[in-house]
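Some notes on the structure that comes next.
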2 protein chains.
Amino acid sequence: MDAALAGAVQTGWEGLLQQQRAFLDTFWTDADIEIDGDAELQQAVRFALFHTVQAGARGEQRLIPAKGLTGPGYDGHTFWDTEAFVLPLLLLTYSRRQAVADALRWRHSTLELARKRARSLGLRGAAFPWRTIHGEECSGYWPAGGAAFHINAAIADAVERYLLLTEDETFARETGVELLVETARLWRSLGNHDAAGRFRIDGVTGPDEYSAVADNNVYTNLMATRNLRAAADAIERYPELARPLGVDDEEAASWRIAAEAIFIPYDASLGVHPQAEGFTEHQEWDFDSTPPENYPLLRHYPYFDLYRKQVVKQADLVMALFYAGEYFTPEEKARNFAFYERLTVRDSSLSAPIQAAVAAEVGHIELTYDYFAEAALLDLDDLSHNTRDGVHIASLAAACTAAITGFGGLRDLRGKLSFVPRLPQALTRLALNLRARETIRLRIEVEQTQATYTLLMGEQLEIHHHGKPITVTAGQPVQRPIPPAPALEPPAQPRGRAPERRRAHETTRHQRERA
Amino acid sequence: MDAALAGAVQTGWEGLLQQQRAFLDTFWTDADIEIDGDAELQQAVRFALFHTVQAGARGEQRLIPAKGLTGPGYDGHTFWDTEAFVLPLLLLTYSRRQAVADALRWRHSTLELARKRARSLGLRGAAFPWRTIHGEECSGYWPAGGAAFHINAAIADAVERYLLLTEDETFARETGVELLVETARLWRSLGNHDAAGRFRIDGVTGPDEYSAVADNNVYTNLMATRNLRAAADAIERYPELARPLGVDDEEAASWRIAAEAIFIPYDASLGVHPQAEGFTEHQEWDFDSTPPENYPLLRHYPYFDLYRKQVVKQADLVMALFYAGEYFTPEEKARNFAFYERLTVRDSSLSAPIQAAVAAEVGHIELTYDYFAEAALLDLDDLSHNTRDGVHIASLAAACTAAITGFGGLRDLRGKLSFVPRLPQALTRLALNLRARETIRLRIEVEQTQATYTLLMGEQLEIHHHGKPITVTAGQPVQRPIPPAPALEPPAQPRGRAPERRRAHETTRHQRERA
């Protein structure tokens with residue numbers, strides 16, 4: 001700190017200004033998302049990008065709090081959404097790998113406390129806290145806090161994404177593999193093989209905070225599976241770390257076996273996946289008798305009532321569709337999405353951006369536009385009436401991801417990049433740059449009827465466009481037509497909870513208010 | 001209060017002493033349980049009877065607290081166990097009907113608060129509190145408190161038993177029917193018919209406090225069924241109360257339909273009933289790695305861990321076998337009992353007496369003896385190390401009931417009295433008196449190879465003895481042989497949690513210590 005101050009004094013005002021300008025120039029060159037056809041959303045997405053980088057780019061040895069440094073909301077605590085939403089966006093776009101590595105190194109610095117917590121719960125490995133500043137579990141109500149073990153999978157997932165992209169060997173050896181191994185150990189001890197051999201994870205809480213302590217939450221189980229496999233892969237790739245981390249062949253095999261045998265409940269009569277075992281058998285929330293002023297529901301109904309009924313605060317099974325999309329067929333995605341749309345009230349700001357992304361994937365691009373607008377304008381328009389407590393860093397980051405995955409049509413980054421780009425009627429152009437590898441950058445420019453792929457860095461890249469393979473080489477942009485959108489019945493939301501139908505604005509709100 | 005004091009002063013010391021002696025003489029004539037062959041247990045069961053009557057006989061307009069007036073434990077609160085354990089014993093034995101009517105009138109006096117609580121939970125009817133002094137819900141942790149709705153069925157059950165026995169029309173009109181109706185309304189709104197038409201009760205907590213907030217707890221669902229039917233029956237019997245209580249034909253029919261359609265989960269692969277949906281699929285608690293000093297488990301393991309595994313604090317499905325025995329076949333009872341013996345750690349003092357009763361029913365009379373001894377000696381031997389906080393009124397009452405139903409072999413009182421008496425090897429005789437109706441009293445005397453039934457009051461009574469009908473008439477005791485006990489493999493308990501094998505004592509501990 002003293003060193004930083006002394007350095008700043010020496011650099012002087014003009015020097016600092018230049019450094020800051022260079023820093024932000026790099027960021028905007030890397031990460032800008034250009035939107036034509038809706039000036040308000042262009043402003044909003046840049047606002048969101050700016051706040052993401054401001055909160056996330058210089059975490060260094062400290063946590064990235066839910067509100068960044070913009071306000072006192074959540075008492076400065078960090079949650080799972082830093083790893084689940086903020087870091088993936090930075091990885092996708094921003095060239096300064098240090099930003100993400102720092103955030104994960106901070107998590108790693110709390111490993112001893114996470115190990116201690118796992119032991120206190122009778123578990124192995126590390127159980128990272130649901131909310132914390134220094135690494136201690138600070139949530140006061142365990143069914144909605146400590147039981148939400150999926151934070152551990154989000155941490156492992158961020159590690160895995162970082163390593164895939166950067167191939168940062170130093171980070172892997174010092175930080176990454178240990179995080180993967182310790183979280184895999186947690187899952188292996190938290191779950192168990194049942195009489196049928198299935199690997200179950202009972203009595204935990206998934207992302208949806210209107211359910212708690214349920215068996216076999218699909219998102220949790222799928223993310224745990226990825227975590228278990230990533231740890232086994234990492235030990236295979238870095239066999240010299242096995243001994244220092246105490247991993248033997250039996251243990252690594254047990255992770256793969258558990259992942260292979262994971263139990264994912266399915267409701268065959270409805271043709272959908274329950275977000276956790278038994279969920280689809282519960283009574284449906286009486287949305288028709290719930291007046292608008294009773295939202296958010298948690299302020300007006302006891303958890304007792306919410307937990308036992310089909311009502312979803314925020315994407316949960318739909319999170320699984322987004323983060324573990326490879327598990328589901330396109331038909332399952334469409335049916336699941338429609339089913340959960342009917343039940344999801346978006347009382348959490350983390351919901352709309354995920355719904356935006358999955359809506360696009362299943363063909364509802366206008367709905368993506370609506371949800372994206374809600375997510376991007378969350379703090380600019382103070383939609384949750386609490387921006388005074390600070391901006392919602394993770395929601396804003398997720399809004400940017402929704403633009404990339406929704407309109408840009410980017411599918412899961414693991415393996416090859418694949419795009420299914422498509423714009424809603426109101427937008428005329430979306431352009432963004434992505435990191436495909438540490439040294440490969442791709443620009444995608446989407447218009448109503450065509451998309452253009454340009455390699456900004458690197459020699460050659462194999463990608464997919466609307467299901468067809470294409471090769472992009474340096475200096476030779478590739479243009480491809482966008483097939484017309486399928487005509488689909490738009491899904492229904494709970495009464496009164498449909499997103500506002502987005503109407504494009506040629507000017508920003510600020511410009512309109514000035515005029 | 002002033003009047004009572006003035007009356008006492010006028011009566012004087014000798015008068016009060018005489019009144020008290022007469023009061024207790026009546027009680028002992030009514031309720032004494034004679035045990036030959038184990039002087040210590042003879043003393044213990046009388047200690048238990050005395051404390052039950054002391055706590056329960058003069059509740060009048062006040063609650064019967066969990067500790068009676070013997071100590072500060074549970075802060076003077078009353079729980080479900082007053083209605084579930086104390087009142088049934090008084091009804092079975094004690095001739096002063098006012099004692100039970102008073103206790104239920106006290107509950108009724110809190111009805112308005114229970115209605116208010118039901119409304120605050122979005123439910124209809126009345127939701128009586130899990131723990132209370134004045135009628136407000138005073139539990140601080142809702143998954144183990146407020147979600148334990150089965151207290152409402154226990155209240156209704158006590159009302160139903162009282163009305164069956166006494167045919168007290170005044171009580172029915174002023175108090176009983178309204179309690180039945182308001183609790184039935186609670187169940188009808190708490191549960192719901194699912195797509196298959198089944199009536200489900202999701203997200204509630206059963207008697208076992210090592211599980212919480214589960215779907216379709218079997219004990220709860222069966223007791224709710226009884227509650228719903230009792231309310232419909234009561235309205236049929238007292239049609240003139242329908243209008244003042246706002247019950248129309250549709251509503252009463254909906255109670256019967258729900259009761260008829262109740263969903264009782266069954267695990268076909270194990271051939272047992274899960275205590276709640278999904279219970280038998282959970283991992284079994286690792287009893288072999290649990291050291292003796294870690295009991296009671298709740299002091300050493302987080303609820304998170306207990307809730308998600310197969311470990312039972314106290315009889316729950318076995319409570320269903322006891323209170324709703326008519327639902328199960330004898331084979332189901334035997335299999336269920338053995339299954340839950342393996343999982344039940346008896347960290348609650350309410351468990352042993354119920355296990356004692358059901359053990360006898362499924363043929364393990366020596367185990368009944370062990371559990372009965374544990375229950376009866378609970379406070380005399382300070383087995384839970386907390387008798388300084390007051391005696392366990394409900395557990396003591398249940399111990400007496402265990403003698404009546406275990407050794408006396410009394411089966412469910414509804415309809416005809418039925419007996420399957422049998423003594424453990426150590427006991428030579430058990431004798432007790434029971435109320436069959438308001439004006440019919442039956443004495444049963446059990447020896448090793450025969451039982452004798454004598455009508456103490458009334459002209460004639462039809463009963464069953466070991467499955468065969470007999471008629472007992474005034475002045476003509478009936479003696480019947482007791483068939484030899486079946487030779488059965490005794491069930492296993494969790495490691496280190498088998499009850500102490502009872503060794504009969506010819507003298508009481510007090511006598512031995514003096515000698």
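Per chain, numbering begins at 1; letters A, B, ... match sequence-line order.
Under a cut-off of 6.0 angstrom, the local environment of CZ in B/R495 is sparse, with at most 12 non-hydrogen atoms contributed by other residues, nucleotides or ligands. The environment of B/H300 atom NE2 is dense: over 12 non-hydrogen atoms of other residues, nucleotides or ligands sit within 6.0 angstrom. Taking a 6.0 Å sphere around CD of A/E260, one finds it holds 12 or fewer heavy atoms contributed by other residues, nucleotides or ligands. Heavy atoms of other residues, nucleotides or ligands lying less than 6.0 angstrom from CZ of A/R124 number 12 at most. Few gaps surround CD on A/E293; more than 12 heavy atoms of other groups in view lie less than 6.0 Å from it.
Screening B/N192, B/D202, B/D194 for a side chain to side chain contact (heavy atoms under 4.5 Å, CB included) involving A/Q283 leaves a single residue, B/N192.
Between B/D305 and A/L121, the closest heavy-atom pair is OD2-O, 3.8 Å. Nearest heavy-atom pair across A/S120 and B/P302 is O-CD, 4.1 Å.
Panel note: side chain B/R308, backbone A/L190; a donor-acceptor pair is recorded below 3.5 Å.
In this structure, B/Y307 and A/W142 have tilted ring planes: the angle between them lies in the 30° to 60° band.
For A/Y303, the parts sitting under 4.5 Å from any heavy atom of chain B are the backbone and the side chain alike. For a residue to count as touching a neighbouring chain, one of its non-hydrogen atoms must lie under 4.5 Å from one of that chain's; by this rule B/F149 touches chain A with the side chain only.
Contacts of residues 271-282 of chain A with chain B at a heavy-atom distance below 4.5 Å involve A/E277, A/E281, A/H282, listed in sequence order.
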